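Bear in mind that the values here come from a model prediction, so they are computed numbers and not experimental data.
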Number of protein chains: 2
Amino acid sequence: MILSRTSQYAVQALIYMATQPADTPVLNKDIAVRLGVPAPYLTKILQSMVKGNLLVSFRGRLGGFQLREGGRDISLMQIVQLIEGATFADNCLLGLKKCSAETACPLHFRWVPVKEKIIKLLEETTLGKLADAVNTGKYRLADIPGSLFGALAAA
Amino acid sequence: MILSRTSQYAVQALIYMATQPADTPVLNKDIAVRLGVPAPYLTKILQSMVKGNLLVSFRGRLGGFQLREGGRDISLMQIVQLIEGATFADNCLLGLKKCSAETACPLHFRWVPVKEKIIKLLEETTLGKLADAVNTGKYRLADIPGSLFGALAAA
DNA sequence: CTATATGTGGATAATGTTATCCTATTTTAA
DNA sequence: TTAAAATAGGATAACATTATCCACATATAG
């Protein structure tokens, strides 16, 4: 598995938020229900994304979470690095702490070009692109059957 | 991280075994020392690979573990699937249980070609190729400094 | 001002992964 | 026959990740 469950939840949640009207906060509770993710756990994740400046939050009635200004341009890489750490991109397949062109594991030179593809994908894929895809109604964000095909699935 | 720690240990151990003479069993203890891996844990891993027919084991004095016949042709994919399960190759980036061309997550069609590269790498890379690489002395199998450059590092 | 609805933050629990330990059982050498 | 060296297998512990709960602060509507 490439991404931790936490990262998966984070990405799902942010894509979902990007499909919603940008001017009103989205409720943690709503996201949790739509994605079938445990609400209290999602809370923690969203809060860490507030600290990482990917989201802004509002307390009290009519509160909730919003993508930061220009949120559609947030890349998956930014989300994943926020959660898994900045070293996410330089992992060795065999788990060596030091693995570079100088001191390489025997897989290093085979792995590097593949890893670059992964990184490119994560860097080039933004919330905006994914939200647009979801809004076509052709994709689903969660295993919840029937729900979440398109942003207006609940309408 | 792509591979679990357990898979990483397994791959390291089997590569190491492939660098050793094929006609004498290798000791769990020796592998553990060479790789800096906890010996009792490695035992469990090697035993599961015996059950999966990647290794054969011999008890008692002069016992140990050996690659099965034709062990040099074992691919990383075989090792990883044995440990992480056969569904390893069809994971969804977002973690959806069902994610295919028919019911796809919004990342699916971006992810598939990248995933294919990963699978190709794991399938095409065999213990023989990796052992040969290690035997050139240019690569290391573990973080242990100085040791394990080449199969004869301890000589 | 009060009730309600929200996020905040800390503590705690449940689960899964990784690691250890102990007691067999098997095999060989002497 | 015995001692030593190895794997086998079950039980348990340590640790990290995932998940839950509760008391609190904040904001809005009425």
Side-chain angles (χ1 to χ4, degrees), chain A residues 1-13 17 20 24-33 35-68 80 82-85 87-88 91 94-95 142, chain B residues 1-13 17 20 24-33 35-68 80 82-85 87-88 91 94-95 142:
Chain A
M1 177 161 34
I2 301 269
L3 302 181
S4 67
R5 185 115 286 180
T6 306
S7 291
Q8 291 175 342
Y9 289 164
V11 171
Q12 287 175 17
M17 291 177 73
Q20 298 302 111
T24 24
V26 183
L27 300 187
N28 174 78
K29 192 176 50 175
D30 289 349
I31 304 174
V33 168
L35 299 178
V37 159
Y41 192 49
L42 182 62
T43 303
K44 300 300 189 192
I45 298 172
L46 295 181
Q47 284 172 5
S48 77
M49 305 221 276
V50 170
K51 280 183 192 144
N53 291 317
L54 299 188
L55 298 181
V56 291
S57 64
F58 303 95
R59 277 150 91 125
R61 267 201 162 204
L62 304 194
F65 296 89
Q66 265 181 14
L67 289 177
R68 67 131 202 262
V80 170
L82 181 59
I83 288 172
E84 321 230 344
T87 63
F88 172 79
N91 273 333
L94 287 187
Chain B
M1 181 162 31
I2 303 269
L3 301 182
S4 67
R5 185 114 287 178
T6 306
S7 291
Q8 291 173 343
Y9 289 165
V11 171
Q12 287 175 17
M17 292 178 72
Q20 299 302 111
T24 25
V26 183
L27 299 188
N28 174 78
K29 194 177 50 177
D30 290 349
I31 304 173
V33 169
L35 299 178
V37 158
Y41 192 49
L42 181 62
T43 302
K44 301 298 188 191
I45 298 171
L46 294 181
Q47 284 172 5
S48 76
M49 304 222 275
V50 170
K51 280 184 193 144
N53 292 316
L54 300 187
L55 298 182
V56 291
S57 64
F58 303 94
R59 275 150 91 125
R61 267 201 161 203
L62 304 194
F65 295 89
Q66 265 181 13
L67 289 177
R68 66 131 201 260
V80 170
L82 181 59
I83 288 171
E84 322 229 343
T87 62
F88 172 79
N91 272 334
L94 287 187

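- Going from atom OG1 of A:T43 over to atom CG of A:N28 covers 3.5 Å, rounded to the nearest 0.5 Å.
- In the set D:dA8, C:dT20, D:dT20, the nucleotide with an atom closest to the side chain of A:Y41 is D:dT20.
- Atom P of nucleotide C:dG16 and atom CD of B:E84 are separated by 16 Å, given to the nearest angstrom.
- Taking side-chain N and O atoms only, A:T6 has a distance below 4.0 Å to OP1 or OP2 of D:dT18.
- Here the shortest heavy-atom pairing between B:L42 and B:A32 reads CD2-N, 3.6 Å.
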What donor-acceptor contacts under 3.5 angstrom involve side-chain atoms of residues 1-10 of chain A, with partners at least two apart or in another chain?
{"from": "A:S4", "atom 1": "OG", "to": "A:S7", "atom 2": "N", "distance (Å)": "3.1"}
{"from": "A:S4", "atom 1": "OG", "to": "A:S7", "atom 2": "OG", "distance (Å)": "3.3"}
{"from": "A:S4", "atom 1": "OG", "to": "A:E84", "atom 2": "OE2", "distance (Å)": "2.8"}
{"from": "A:T6", "atom 1": "OG1", "to": "A:Y41", "atom 2": "OH", "distance (Å)": "2.5"}
{"from": "A:S7", "atom 1": "OG", "to": "A:E84", "atom 2": "OE2", "distance (Å)": "2.4"}
{"from": "A:Q8", "atom 1": "NE2", "to": "B:L93", "atom 2": "O", "distance (Å)": "3.3"}

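- Counting to the nearest Å, the P atom of D:dA27 and the CG atom of A:L27 are 16 Å from each other.
- Of the residues in residues 42-56 of chain A, those placing a heavy atom less than 4.0 Å from an atom of DNA chain D are A:K44, in numerical order.
- Set against D:dT18, D:dT7, C:dT8, the side chain of A:F65 has C:dT8 as its closest nucleotide.
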Please list, for nucleotides 24-30 of chain C, all pairs of protein and nucleotide N/O atoms separated by less than 3.5 Å.
{"from": "C:dT25", "atom 1": "O2", "to": "B:R59", "atom 2": "NH2", "distance (Å)": "3.1"}
{"from": "C:dT26", "atom 1": "O4'", "to": "B:R59", "atom 2": "NE", "distance (Å)": "3.0"}
{"from": "C:dT26", "atom 1": "O4'", "to": "B:R59", "atom 2": "NH2", "distance (Å)": "3.4"}
{"from": "C:dT26", "atom 1": "O2", "to": "B:G60", "atom 2": "N", "distance (Å)": "3.3"}
{"from": "C:dT27", "atom 1": "O2", "to": "B:R61", "atom 2": "N", "distance (Å)": "3.1"}
{"from": "C:dA29", "atom 1": "O4'", "to": "B:R61", "atom 2": "NH1", "distance (Å)": "3.1"}

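- Considering only the side chain of A:Y9, D:dA19 comes nearest among C:dT6, C:dT8, D:dA19.
- Rounded to an integer number of Å, the gap from CG of B:N28 to P of C:dT20 is 12 Å.
- Between A:Q12 and A:V37 the shortest heavy-atom distance is OE1-CG2, 4.1 Å.
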When the side chains of residues 47-68 of chain A are checked against the rest of the protein, which donor-acceptor pairs come out under 3.5 Å, sequence neighbours left out?
{"from": "A:S48", "atom 1": "OG", "to": "A:I45", "atom 2": "O", "distance (Å)": "2.8"}
{"from": "A:Q66", "atom 1": "NE2", "to": "A:D23", "atom 2": "O", "distance (Å)": "3.2"}

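- The distance between atom CZ of B:R5 and atom P of D:dT17, rounded to the nearest whole Å, is 11 Å.
- For C:dT8, the OP1/OP2 oxygens have a side-chain nitrogen or oxygen of A:S57 closer than 4.0 Å.
- Within the nucleic acid shown, B:P38 comes within 4.0 Å of sugar-phosphate atoms alone, with no base atom in reach, counting heavy atoms only.
- Interatomic distance, CD of B:Q20 versus CG of B:D30, reported as 8.5 Å (0.5 Å rounding).
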